[in-house]
Amino acid sequence: MRRWRSLAAAGVLLAALAAALALTVAGLRPTAAERGHPSATDANRPPLRFGSGGSFKVALFADLHYGEDAWTDWGPAQDAGSDRVMAAVLDAEKPDFVVYLGDLVTANNLPIPNASLYWDRAVSAARGRGIPWAAVFGNHDDMPFEWPPEWFSPDGVPPLRCPPTSMSASGADQGCSFRETPRIDLITAEISKNRLSYSSNGPKDLWPGVTNYVLQVLSRSHDDPALLMYFLDSGLDSGGGSYTEVLSSAQVKWFQSQSQFLNPNGRIPELIFWHIPSTAYVKVAPKAKSEISKPCVGSINKEDVAPQAAEWGMMDALAKRPSVKAIFVGHNHGLDWCCPYEKIWLCFARHTGYGGYGNWPKGARIIQITENPSSTVSWIRMENGTNLPEFHVQRIFF
């Protein structure tokens with residue numbers, strides 16, 4: 001949160017305090033800078049709002065991994081498959097909002113200009129249908145380029161497909177650079193070019209974690225928020241990128257500040273999105289490859305949870321807030337279960353992309369929130385059009 005600077009005149013101070021009071025009374029909506037949004041683009045974004053039927057539906061696309069082995073035949077075929085999955089889900093469900101839940105691209109396969117092009121391809125599924133979206137980073141979105149061993153074969157390096165010129169966020173001409181793919185370049189390109197993007201590059205004091213921001217969904221009948229969605233950058237793996245897989249103590253303090261400012265009485269339900277599961281997921285997980293049984297619900301349980309490197313207080317902060325209903329993550333392609341942790345539901349999405357490991361059927365988790373009375377229902381929509389409700393109960397959040 002921004003701290004008020006000392007003001008020379010008492011009249012100016014009183015005016016500022018009055019404005020802050022008016023902000024609190026009028027729905028507890030912070031400024032663009034306080035949310036982490038670039039204020040220049042805020043004016044072009046209409047507010048998110050519950051529909052006339054009193055619901056708000058969100059589709060989660062996790063682990064798309066665009067751009068893997070683009071110099072092969074099967075690499076582009078994987079990307080075409082991911083295109084098909086998202087098209088099928090969006091056309092069947094017609095959600096109000098899309099969340100890209102990390103690993104949109106496999107950046108270590110891509111020179112920086114191409115990473116931006118593949119990122120743009122990933123969000124085009126929502127953009128082409130006029131559906132607003134937001135994104136968080138995964139552990140593969142920001143990594144150093146790895147020279148493929150095939151490039152040292154007798155066939156040699158394939159023709160490179162790079163833009164004629166490409167400018168980084170700093171304004172430098174990258175040409176066909178193979179340097180590390182910076183997160184800030186990817187997200188800056190997204191939010192500057194797309195009116196329907198609600199993503200944010202987050203507060204600078206939380207960098208190198210970038211996608212840390214909160215979005216409000218307004219009531220269908222008035223201009224106060226009826227749902228808060230928090231997005232957090234959960235870091236990268238030790239094999240590449242700029243920092244480790246963890247939610248930092250600084251992010252914990254940021255969440256506490258934001259949630260207390262926006263929702264001091266806890267009357268507004270809150271949903272949380274990040275990419276890599278916390279260590280709490282390990283505590284509640286069904287035994288890998290076993291049948292999913294109550295109190296957990298889900299349809300695939302094919303591997304162990306691969307959690308963040310450490311737990312530095314975020315789960316404690318979330319568990320203390322009754323308004324936090326659920327956390328949604330990706331990362332594990334062979335899991336799509338939800339399990340209760342204290343009073344919170346810990347949920348995996350469904351592996352959406354054909355990129356990345358695993359050959360399990362592809363789909364997406366759908367979340368439908370009802371404003372009054374407040375409730376949430378979730379299910380899995382598969383690429384082939386089938387709808388997989390949770391096995392034992394469908395109403396999994398309260």
Side-chain angles (χ1 to χ4, degrees), residues 48 50-51 53-66 78-104 121-136 138 196 217 227 229 271-273 275 292 296-302 325-339 345-356 358-370 375-397:
L48 300 175
F50 278 82
S55 67
F56 187 76
K57 184 189 285 190
V58 181
L60 305 186
F61 292 150
D63 298 280
L64 298 166
H65 288 277
Y66 274 94
Q78 288 187 148
D79 294 340
S82 300
D83 292 341
R84 292 194 304 270
V85 178
M86 290 190 287
V89 169
L90 294 177
D91 292 343
E93 293 289 348
K94 296 178 172 55
D96 301 295
F97 197 73
V98 169
V99 172
Y100 289 93
L101 205 52
D103 284 1
L104 282 72
R121 180 173 176 176
V123 301
S124 67
R127 181 180 59 216
R129 291 164 175 79
I131 303 171
W133 74 86
V136 292
L196 291 171
V217 184
L227 172 68
M229 300 188 294
L271 301 178
I272 315 296
F273 303 90
H275 180 72
I292 300 171
C296 299
V297 292
S299 49
I300 60 169
N301 179 35
K302 301 298 185 181
K325 304 303 180 184
I327 302 168
F328 298 93
V329 302
H331 193 55
N332 276 99
H333 300 180
L335 302 175
D336 76 349
W337 49 255
C338 294
C339 291
W345 281 91
L346 305 185
C347 290
F348 282 96
R350 181 79 177 212
H351 185 197
T352 306
Y354 273 78
N359 58 0
W360 303 290
K362 307 301 187 287
R365 177 169 291 282
I366 308 297
I367 312 163
Q368 183 163 295
I369 307 97
T370 301
S375 65
T376 303
V377 176
S378 181
W379 60 92
I380 303 296
R381 171 66 67 172
M382 301 303 294
E383 176 187 8
N384 64 6
T386 58
N387 181 354
L388 299 181
E390 306 301 353
F391 279 173
H392 301 291
V393 291
Q394 197 174 45
R395 190 177 298 278
I396 56 175
F397 320 129

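Cysteines C296 and C339: SG-SG separation is under 2.5 Å.
The two residues G363 and T352 make their nearest non-hydrogen contact at O-OG1, 2.9 Å. Heavy-atom minimum distance, P132 versus G130: CD-O, 3.7 Å. The shortest heavy-atom contact between A126 and W133 is CB-CE3, 3.9 Å. The heavy-atom pair separating P361 from M382 by the smallest distance is CB-CE, 3.5 Å. Listed here is the closest heavy atom pair of V297 and W345: CG2-CZ3, 4.3 Å. Annotation for K362 and G358: closest pair NZ-O, 3.8 Å, computed over non-hydrogen atoms.
Between the side chain of S378 and the backbone N or O of I366, at least one donor-acceptor pair lies under 3.5 Å. Using a distance-only test at 3.5 Å, with no hydrogens or angles considered, no donor-acceptor pair links the side chain of K94 to the main chain of A92. Looking at H333, its side chain never comes within 3.5 Å of a backbone N or O of L335 through a donor-acceptor pair. No donor-acceptor distance shorter than 3.5 angstrom exists from the side chain of R129 to the backbone of D91, with no hydrogens or angles considered.
Interatomic distance, L227 CG to T376 OG1, rounded to the nearest 0.5 Å: 7.5 Å. Between the CZ atom in R365 and the CZ atom in R350 there is a gap of 9.5 Å [rounded to 0.5 Å]. Rounding to the nearest 0.5 Å places NZ of K325 at 13.5 Å from SG of C347.
Counting heavy atoms from C-beta outward, H331 and F348 have side chains that stay 4.5 Å or more apart. When side chains are defined from C-beta on, R84 counts as touching E383, because their heavy atoms get closer than 4.5 Å. Counting heavy atoms from C-beta on, the side chains of M86 and L64 come closer than 4.5 Å. Counting heavy atoms from C-beta on, the side chains of F328 and M229 never come closer than 4.5 Å. Within the 4.5 Å cutoff, the side chain of F273 has heavy atoms near those of the L60 side chain. When side chains are defined from C-beta on, D63 counts as touching H275, because their heavy atoms get closer than 4.5 Å.
Each of N301, N332, I300 was evaluated against W337; a single residue qualifies, N301, per the side chain to side chain contact (heavy atoms under 4.5 Å, CB included) test. Each of V89, V99, V123, L104 was evaluated against F61; a single residue qualifies, V89, per the side chain to side chain contact (heavy atoms under 4.5 Å, CB included) test. Checked against I131 for a side chain to side chain contact (heavy atoms under 4.5 Å, CB included), the options D96, L90, L196 give a single hit: L90.
Between F50 and F56, the angle of the ring planes lies from 30° to 60°, which puts this pair in the tilted group.
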Evaluation steps, side chain to side chain donor-acceptor pair (under 3.5 Å), between R121 and S82 = CA-CA 10 Å; R121 180 173 176 176; S82 300; over 6 Å; no
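Defined by atom type and a distance below 3.5 Å, a donor-acceptor pair is missing between the side-chain atoms of D83 and Y354.
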